[in-house]
Amino acid sequence: METLLLALGLVLIVEGLVYALAPSLLEQILAALAQLPPDQRRLLGLASLAVGLVMVWAAKQLGA
């Protein structure tokens, strides 16, 4: 449960920083994502999920 709260908190921090520091960049990224076909967006999402899982696993192994 602690890991889930830590992970969600970190996601909110990173997302909040993007909205606070670079809102126009976020709009550009969303426009670029809208141009991708759904299959490529799905693959990007799955790749992000896999990288995130590895990062959380590694953090737990290091004692987080």
Side-chain angles (χ1 to χ4, degrees):
M1 186 63 160
E2 296 115 11
T3 303
L4 179 62
L5 288 175
L6 176 63
L8 288 175
L10 290 172
V11 166
L12 290 173
I13 289 170
V14 171
E15 291 224 3
L17 282 172
V18 173
Y19 282 110
L21 299 177
S24 60
L25 177 61
L26 183 63
E27 289 177 10
Q28 293 172 2
I29 292 170
L30 290 174
L33 283 172
Q35 298 298 319
L36 291 175
D39 288 343
Q40 284 184 338
R41 287 193 304 247
R42 184 173 293 113
L43 185 60
L44 182 63
L46 289 171
S48 297
L49 174 67
V51 169
L53 284 172
V54 168
M55 290 174 73
V56 169
W57 174 82
K60 287 299 284 183
Q61 294 301 312
L62 293 171

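Quick note: numbers below take in every heavy atom, side chains included, and nothing from hydrogens, waters or symmetry partners.
Crowding of Gln61 atom CD: a count of heavy atoms from other residues, nucleotides or ligands under 6.0 Å exceeding 12.
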request  = List the steps, then state whether side-chain contact (heavy atoms from CB on, under 4.5 Å) holds for Leu33 with Leu44.
outcome  = CA-CA 10 Å; Leu33 283 172; Leu44 182 63; 3.6 Å; yes
query = For Leu17 and Ile13, what are the C-alpha separation, side-chain angles and deciding distance, and is it a side-chain contact (heavy atoms from CB on, under 4.5 Å)?
reply = CA-CA 6 Å; Leu17 282 172; Ile13 289 170; 4.3 Å; yes
ask   = Under the side-chain contact (heavy atoms from CB on, under 4.5 Å) criterion, do Val56 and Leu53 qualify, and how do the steps go?
value = CA-CA 5 Å; Val56 169; Leu53 284 172; 5.7 Å; no
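For the atom pair CG of Leu49 and CZ of Arg42, the computed distance is 13.5 Å after rounding to the nearest 0.5 Å. Note that CD of Gln35 and CD of Gln40 are 11.5 Å apart. Values are rounded to the nearest 0.5 Å.
Transitive grouping of hydrophobic side chains (ILVMFWY, heavy atoms separated by less than 4.5 Å) keeps Met55 and Leu6 in distinct clusters. There is a path of hydrophobic side-chain contacts, each under 4.5 Å, that joins Val18 to Leu30. Follow the hydrophobic side-chain contacts under 4.5 Å out from Leu25 and you reach Leu36 in the same cluster.
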